[in-house]
Amino acid sequence: MAMKTQIDIEKLLKWAYCEELPKGGECGGGVAFSSWSAVASVGELGTLVDDNRFGVVPDLMSVGEPDPDAITVHATVVSLDNCTFDLPDDWNPMPELWQFDGLATHVLNAAKEKLFITHSNGRIGWRRPPSQLIRKHAILGGAPDGYGDVPEREPLRGPNGGELWFRMKKHVIETLDGEGREFSYEADDGWDLKRKVPKRGAYRKFHLVPDPVNALVTRQEYALWLECLNALAVRLTRTLSGFSVEKSARPAMPWRCSQRSLQARQHAILPDLKFFS
């Protein structure tokens, strides 16, 4: 039996999607990644080019079919979309956010909306299939950028740069039966311009700057991408005829070295992904 070639999982994916799978014959057969390859084609060529049955732009000058191992790589990558996971109640890829209480809850919920979808059966899935994430970085190289600046809590400001002060106001309207009905509303006129002080009962509102939502999304995508790489390495080592695949040497959380401080509370970033279910 011939010795298998040792190869890093990222190099294997690049070989499959950039060298072998573009040999995959006529256009028009791909469905799994057609939207991505269409976007890539417009960006690179200025026109729309159909993908092949492996979801990549075909090399029309190539001769022959892709290596069988590359076809196995593609099938295994697509199978990543069947992964399941449990979303922790304290999901938070950026532990510094816990100090911001309600503001943290707001931005974490916004990031969840971008990342996850709840199916009709109650199971949580990815809005963007993992296979698309793997394929993107196989073709373009690199990894999802999960760094992002740690935000600061800052007050909302008006067009002139001054801090906004809010207060609740009451208004009475007369109903059709002649009775008065009182309702409350919030106004941003809580600053006394003459006295240069807040009006009685006025309060400020705060937000996080810079907005950490995109950093939360990319940190989760990095964690998913790395978990997928290592799951692929294990699976493909068993199934490929020509390669023995090494797991990624990338760190689990490369952004930790850039953080100014870590909170005592451990963050949760989906540590128990179950692939190939």
Side-chain angles (χ1 to χ4, degrees), residues 1-83 125-145 218 221-250 273-277:
M1 180 182 294
M3 291 287 292
K4 290 186 176 183
T5 302
Q6 289 284 126
I7 190 170
D8 172 83
I9 181 59
E10 290 186 58
K11 291 181 179 178
L12 175 70
L13 291 167
K14 185 173 184 63
W15 167 80
Y17 281 103
C18 295
E19 296 181 30
E20 290 298 318
L21 295 175
K23 300 175 184 176
E26 71 281 354
C27 301
V31 281
F33 299 109
S34 57
S35 60
W36 164 253
S37 54
V39 170
S41 300
V42 171
E44 294 172 7
L45 305 177
T47 186
L48 185 64
V49 178
D50 287 334
D51 57 4
N52 63 12
R53 66 183 185 275
F54 303 112
V56 295
V57 178
D59 179 2
L60 301 180
M61 303 300 293
S62 64
V63 177
E65 287 293 306
D67 187 296
D69 273 352
I71 296 174
T72 300
V73 168
H74 173 69
T76 310
V77 168
V78 172
S79 75
L80 292 171
D81 296 342
N82 296 323
C83 73
W126 302 97
R127 286 195 180 276
R128 181 182 185 184
S131 56
Q132 289 189 9
L133 188 64
I134 291 295
R135 181 175 174 274
K136 171 187 173 180
H137 291 286
I139 295 172
L140 299 181
D145 179 7
T218 55
E221 287 186 340
Y222 179 91
L224 171 63
W225 175 78
L226 185 62
E227 186 81 2
C228 286
L229 290 186
N230 291 331
L232 286 169
V234 172
R235 173 108 170 185
L236 291 170
T237 290
R238 299 196 302 261
T239 57
L240 298 182
S241 61
F243 297 97
S244 178
V245 189
E246 300 171 351
K247 290 185 177 181
S248 174
R250 292 181 183 266
L273 294 173
K274 304 173 186 68
F275 292 101
F276 314 116
S277 57

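Just so it is clear, the values below take in all heavy atoms, side chains as well, and ignore hydrogens, waters and symmetry mates.
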J.: So does L80 get a backbone contact from the side chain of S131, meaning a donor-acceptor N/O pair under 3.5 Å?
T.: no
J.: Enter the distance from W126:CH2 to Q132:CD here, rounded to the nearest 0.5 Å.
T.: 13.5 Å
J.: Run L232 and L12 through side-chain contact (heavy atoms from CB on, under 4.5 Å) and show every step you take.
T.: CA-CA 10 Å; L232 286 169; L12 175 70; over 6 Å; no
J.: For T239, what residues pass the side chain to side chain donor-acceptor pair (under 3.5 Å) criterion, not counting sequence neighbours?
T.: none
J.: Mind checking whether C83 and P130 have side chains closer than 4.5 Å, heavy atoms only?
T.: yes
J.: Do the non-hydrogen side-chain atoms of L229 and L13 ever get within less than 4.5 Å of each other?
T.: yes
J.: Kindly give the heavy-atom pair with the smallest separation between P22 and A16, and that separation in Å.
T.: CD-O, 4.1 Å
J.: Counting only heavy atoms not in K4 (residues, nucleotides, ligands), do more than 12 fall under 6.0 Å from its NZ?
T.: yes
J.: Which heavy-atom pair separates D81 from P129 by the least distance, and what is that distance?
T.: OD1-CB, 3.4 Å
J.: I'd like to check the side chain to side chain donor-acceptor pair (under 3.5 Å) partners of N230; sequence neighbours left out, ordered by chain and number.
T.: none
J.: Measuring from atom CZ of R235 to atom CD1 of I9, what distance do you get when rounded to the nearest 0.5 angstrom?
T.: 12.5 Å
J.: Check side chain to side chain donor-acceptor pair (under 3.5 Å) between T5 and all other residues, then give those that pass, not counting sequence neighbours.
T.: none
J.: Measure across I139 and K14 and return the closest heavy-atom pair with its distance rounded to 0.1 Å.
T.: O-NZ, 4.0 Å
J.: Taking the side chain as everything from C-beta on, heavy atoms only, tell me whether E20 gets closer than 4.5 Å to D69.
T.: no
J.: For E19, which residues count as a side chain to side chain donor-acceptor pair (under 3.5 Å) partner, sequence neighbours excluded?
T.: none
J.: Just to verify, what does F243 make a ring-ring contact (aromatic ring centres under 6.0 Å, His included) with, not counting sequence neighbours?
T.: W15
J.: Which heavy atom of A143 sits nearest a heavy atom of R250, and at what distance?
T.: CB-NH1, 3.8 Å
J.: Taking the side chain as every heavy atom from C-beta outward, state whether L133 and C228 have any atom pair closer than 4.5 Å.
T.: no
J.: Report yes or no: does T237 contribute a side-chain atom to a donor-acceptor pair with the main-chain N or O of S244 at less than 3.5 Å?
T.: no
J.: Side-chain contact test, heavy atoms from C-beta onward, threshold under 4.5 Å: evaluate it for K136 versus R128 and give yes or no.
T.: yes
J.: For R127, check side chain to side chain contact (heavy atoms under 4.5 Å, CB included) against everything at least two apart and list the hits.
T.: E113, I117
J.: How long is the span from the CD atom in E221 to the CG atom in L226, to the nearest 0.5 Å?
T.: 13.5 Å
J.: Compare every heavy atom of H74 with every heavy atom of F54, then report the nearest pair and how far apart it is.
T.: O-CE1, 3.2 Å
